[in-house]
Amino acid sequence: MPASTANLGPGFDSIGMALDVWDDARAEVTDGGLVVEARGNGAGEVPLDGSHLVVRSMRAAWEALDVAPPAGLELRYTGAVPHSRGMGSSATAIVAGVALATALAGHELDDAATLAFVNDVASSIEGHPDNASASVYGSVTVSWADVLEGPDAPRDWHTAVLRPHPDVVPVVIVPAQRLSTATARAALPESVPLAVAARNSGRAALLAHAITTEPSLLMPATLDALHQEHRRSAYPDSMALVDALRDAGVPAVISGAGPTVLALASRFALSAVHDVARGGEVLELSVPTHGITPMSR
Ligand SMILES: Nc1ncnc2c1ncn2[C@@H]1O[C@H](COP(=O)(O)OP(=O)(O)OP(=O)(O)O)[C@@H](O)[C@H]1O
Ligand SMILES: N[C@@H](CCO)C(=O)O
């Protein structure tokens, strides 16, 4: 399962993009007991019992499938996605759990209906679909729920997959600082004025056009009115870097709930990103055109 970046500016809780950093998860049914092994990012930090996020996600998937969990389970997880940085680690882990459980229940992970199920269940567990859908499908994803109103209404999540323009190079600048999504979400207002929502809708629609077809419009297309300014005090250094990159002509945003910064650089602007972002961990990535990748043993 790949990492992901969410929002891309105005696509709050809707638009995501897969990033070429991969977690690896393997599971085997056993006669009894639970064994969890965690390697790489998260090792020594995440619980190794039934409260592990992947195990919880597997249980939720079996419940949604109306399938009894097996007597025993061995889970081996190797994490490359950094935790609590804005690169979708929790969604990657949730997608892994739902995908593994669905495969163990006998469903083929390259089947469109199975992927739609994994996408729906994983997005429901995460609470918003932007990261999960990108990890499921790869590429750029636009996700929506069947219901438009009522925060507690049951949702069925759906996703359209867009192919990013080949000139768009995602560059992430990953700070050492961590920020949990829950903390970042607590900084957001309950509601916004209609005029602000309308302006943001226009930018989000423009983003879908710019990232697929006309990258020269990415600067106006990545301007967000819903979340970044409200969270500025939670990641002041990242916002200063976003501002500096935009001043240098590079479309830059906060990646997900931060504090990682995402620059959507054209191939010609990569040196500008490196000049402005000097000091941070700068990773030039690609966008995988596939998400969950089943591997035979
Ligand atoms: N591979 C994993 N195994 C177990 N738990 C994980 C794993 N990956 C993430 N988590 C849990 O999710 C938490 C991070 O989730 P959080 O939503 O705060 O950040 P994120 O998903 O990395 O960033 P963002 O949602 O902004 O992209 C970790 O602290 C850990 O509890
Ligand atoms: N849309 C989410 C992404 C992080 O999980 C947010 O910004 O809170």
Side-chain angles (χ1 to χ4, degrees), residues 1-19 21-27 34 36-59 75-100 122-123 125-135 141-145 157 170 172 174-189 200 204 207 224-232 234-235 238-239 253-262:
M1 293 68 44
S4 60
T5 180
N7 305 328
L8 289 84
F12 179 72
D13 277 4
S14 170
I15 300 182
M17 184 168 74
L19 298 173
V21 176
W22 296 78
D23 281 3
D24 180 281
R26 291 151 202 257
L34 172 67
V36 180
E37 183 185 284
R39 296 182 181 194
N41 280 329
E45 296 175 4
V46 298
L48 299 178
D49 57 18
S51 66
H52 189 281
L53 185 55
V54 177
V55 178
R56 283 192 280 132
S57 304
M58 293 180 84
R59 292 216 181 94
L75 170 70
R76 302 190 196 290
Y77 200 97
T78 307
V81 183
H83 289 197
S84 302
R85 302 300 212 298
M87 290 177 67
S89 72
S90 54
T92 305
I94 291 167
V95 167
V98 177
L100 285 171
S123 297
I125 296 170
E126 175 85 340
H128 45 89
D130 37 0
N131 291 106
S133 57
S135 281
T141 51
V142 182
S143 300
W144 69 96
W157 294 107
V172 287
V174 188
Q177 175 210 343
R178 295 183 181 212
L179 177 64
S180 83
T181 301
T183 303
R185 290 181 87 82
L188 299 179
N200 197 79
L207 175 58
D224 142 75
L226 295 183
H227 59 100
Q228 290 184 177
E229 284 303 331
H230 292 290
R231 293 167 162 173
R232 184 178 276 270
Y235 40 51
S238 301
M239 282 301 282
V253 295
I254 299 291
S255 179
T260 289
V261 170
L262 169 74

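For the single chain, residues carry numbers from 1 onward in sequence order. Values in this document were obtained by computation on a predicted structure and should not be read as measured data. Atoms within a ligand are numbered from 1 in the order they appear, just like the ligands themselves.
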Structural part of Ser89 in contact with ligand 1, heavy atom criterion under 4.0 angstrom: both
With a cutoff of 4.0 Å, is [X] in contact with ligand 1, counting heavy atoms of the residue only?
X     : value
Ser84 : yes
Gly88 : yes
Gly86 : yes

Qualifying residues under ring-ring contact (aromatic ring centres under 6.0 Å, His included), relative to Trp22, sequence neighbours excluded: His290
Residues that Arg178 engages under side chain to side chain donor-acceptor pair (under 3.5 Å), provided they are two or more places apart: Glu45
Tyr235: side chain to side chain donor-acceptor pair (under 3.5 Å) partners, not counting sequence neighbours: none
Min N/O separation Ser4 to ligand 1 under 3.5 Å: no
Nearest protein heavy-atom contact for [atom]: which residue, which atom, what distance?
atom                    : result
atom 28 (C) of ligand 1 : His83 ND1, 3.8 Å
atom 18 (O) of ligand 1 : Thr181 N, 3.0 Å
atom 1 (N) of ligand 1  : Tyr77 CE2, 3.2 Å
atom 11 (C) of ligand 1 : Leu53 CD2, 3.9 Å
atom 2 (C) of ligand 1  : Ala93 CB, 3.7 Å

Pair Arg39 + Asp23, salt bridge at N-O below 4.0 Å: no
Inter-residue atom distance Thr78.OG1 - Arg26.CZ, 0.5 Å rounding: 7.0 Å
Atom pair NE2/CG of His230 and Asp224 - distance to nearest 0.5 Å: 8.5 Å
Residue selection (non-hydrogen contact nearest atom 21 (O) of ligand 1) among Ser90, Ala80, Gly16: Ser90
Evaluation steps, side-chain contact (heavy atoms from CB on, under 4.5 Å), between Asn7 and Val253: CA-CA 9 Å; Asn7 305 328; Val253 295; over 6 Å; no
Within the protein, residues bringing a heavy atom under 4.0 Å of ligand 2, chain by chain: Ala6, Asn7, Phe12, Asp13, His128, Asp130, Asn131, Thr181, Arg185, Arg231, Gly256, Ala257
Is_contact(atom 26 (O) of ligand 1), protein non-hydrogen, under 4.0 Å: yes
Numbering as shown, the atoms of ligand 1 that approach Val46 to under 4.0 Å (heavy-atom distance): 3 (N), 4 (C), 5 (N)
Distance-minimising heavy-atom pair for Ala234 and Leu179: CB-CD2, 4.1 Å
